[in-house]
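Following: one structure in structure tokens, then a few remarks.
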Amino acid sequence: MTIYKVGYFVGSLADASINRLLAKALIQLAPSELALSEIPIRDLPLYSYDYDADFPPVARAFKQAIAEVDAVLFVTPEYNRSIPGALKNAIDWGSRPWGQNSFARKPSAMIGTSPGMIGTAVGQQHLKSILSFCNSPQMNAIEAYIQFTPGLITDDGDVTVDSTAEFLRTYMTEFHGFITRVYMALPRQGT
Ligand SMILES: Cc1cc2nc3c(=O)[nH]c(=O)nc-3n(C[C@H](O)[C@H](O)[C@H](O)COP(=O)(O)O)c2cc1C
């Protein structure tokens, strides 16, 4: 059985983040072929190309963490109909210096939750555009816009609504299938 390493980003920095709860749930519901670990974005300074000649250790570690995984998963809220600035900042770090774009050929998927009925759909459209420019093969279907209602996911990451749990399980199974297909079509560089 091939195990794929998946690095996930939580787009929210909030202590009570509902998207962090969603990430916990996804870890529990993922098929055993996916090994998920968080790639933290919190400690990255604001990106400037002044850093390109000599990235600080935190940014080097960030890029190294992306290099070490087979795929990335974005679990993010929608802020003002886009992605949070902290997440955009992290993607900017990952994409640079020019020619060392960490997202190139790296399979990705996105998911998010919000109390609103469209559950991060507009923010995800922006994220798709960003990742297209970063040359990341993206899972286009199934899409996952999760409306959060109080108690939907417990602090331990248990999903309390069966149909939602089943959907999230299917989502992660689909992501596994997508990663497998990408690496069949685009063998990893250096392997
Ligand atoms: C600055 C800001 C902008 C927001 N904009 C949106 C929005 O565009 N769409 C939406 O559905 N919710 C929006 N919300 C509400 C968030 O969905 C809600 O705060 C949610 O808890 C954020 O996810 P998190 O808890 O994982 O940070 C916004 C919240 C903040 C703080």
Side-chain angles (χ1 to χ4, degrees), residues 6-30 34-48 58-59 62 65-66 69 71-95 102-103 106-134 136 138-172 174-175:
V6 175
Y8 68 87
F9 307 99
V10 177
S12 174
L13 303 183
D15 292 338
S17 168
I18 56 177
N19 284 277
R20 182 165 292 284
L21 291 182
L22 176 59
K24 277 190 194 175
L26 293 170
I27 291 169
Q28 292 189 20
L29 296 167
L34 297 184
L36 280 91
S37 58
E38 182 173 2
I39 300 180
I41 64 172
R42 173 184 297 278
D43 295 331
L44 290 165
L46 288 178
Y47 172 78
S48 154
V58 65
F62 177 74
I66 300 172
V69 295
V72 290
L73 174 64
F74 293 83
V75 187
T76 184
E78 174 180 285
Y79 281 0
N80 298 316
R81 295 286 185 252
S82 185
I83 61 170
L87 181 60
K88 178 61 165 57
N89 181 56
I91 295 172
D92 289 346
W93 277 109
S95 69
S102 303
F103 299 104
K106 185 79 65 178
S108 66
M110 62 188 67
I111 186 169
T113 188
S114 145
M117 287 190 72
I118 56 174
T120 75
V122 182
Q124 287 190 35
Q125 295 309 310
H126 284 194
L127 183 54
K128 284 179 201 295
S129 176
I130 294 163
L131 292 176
S132 297
F133 183 72
C134 291
S136 167
Q138 298 168 57
M139 182 169 79
N140 293 315
I142 51 178
E143 299 167 295
Y145 311 124
I146 310 298
Q147 184 179 21
F148 196 89
T149 50
L152 176 66
I153 305 175
T154 69
D155 288 348
D156 293 329
D158 295 321
V159 181
T160 58
V161 175
D162 287 348
S163 58
T164 303
E166 200 46 46
F167 174 79
L168 296 177
R169 192 188 306 280
T170 301
Y171 179 84
M172 294 307 284
E174 287 291 321
F175 190 31

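Only a predicted model underlies this, so the values are computations on that prediction, with no experimental measurement involved. Note that ligands are numbered from 1 as they come in the structure, with each ligand's atoms numbered from 1 the same way.
Considering only non-hydrogen protein atoms, atom 3 (C) of ligand 1 sits nearest to Asn80 N, 3.5 Å. Nearest to atom 31 (C) of ligand 1 among the protein's heavy atoms is Tyr79 CE1, 4.2 Å. Here the heavy atom of the protein found nearest to atom 11 (O) of ligand 1 is Ser114 OG, 2.6 Å. Protein heavy atom in closest approach to atom 6 (C) of ligand 1: Glu78 O, 3.0 Å. Nearest non-hydrogen protein atom to atom 20 (C) of ligand 1 is Ile18 CD1, 3.8 Å. In terms of protein heavy atoms, atom 8 (O) of ligand 1 is closest to Arg81 N, 2.7 Å.
The backbone N or O of Val122 sits less than 3.5 Å from a side-chain atom of Glu78, completing a donor-acceptor pair. Of the possible polar contacts, none joining the Glu38 side chain to the Tyr8 backbone as a donor-acceptor pair under 3.5 Å is found. For the pair Lys88 (side chain) and Ile83 (backbone), a donor-acceptor distance under 3.5 Å is absent.
Ring geometry, Phe9 versus Phe62: the interplanar angle falls from 30° to 60°, so the pair is classed tilted.
Between the CG atom of Leu13 and the CG atom of Asn19 there is a distance of 11.5 Å, given to the nearest 0.5 Å.
Among the atoms of Thr120, none of the N or O lies under 3.5 angstrom from an N or O of ligand 1. When only interatomic distances are considered, the shortest N/O to N/O separation between Pro115 and ligand 1 does not fall below 3.5 Å. Considering both main-chain and side-chain atoms, Asn19 comes within under 3.5 Å of ligand 1 through a nitrogen or oxygen pair. Between Arg20 and ligand 1, no pair of N/O atoms sits closer than 3.5 Å.
Near Ser12, meaning under 4.0 Å from any of its heavy atoms, are these atoms of ligand 1: 24 (P), 26 (O), 27 (O). Heavy-atom contacts of Pro77 reach the following atoms of ligand 1: 22 (C), 23 (O), 27 (O) (cutoff under 4.0 Å).
Each of Ile39, Leu36, Leu34, Val10 was checked for a side chain to side chain contact (heavy atoms under 4.5 Å, CB included) with Leu73, and the lone residue meeting it is Leu36.
In terms of heavy atoms, Ile146 sits closest to Thr113 at O-OG1, 2.6 Å. Across every non-hydrogen atom of Phe175 and Ser108, the tightest pair is CE1-C, 3.8 Å.
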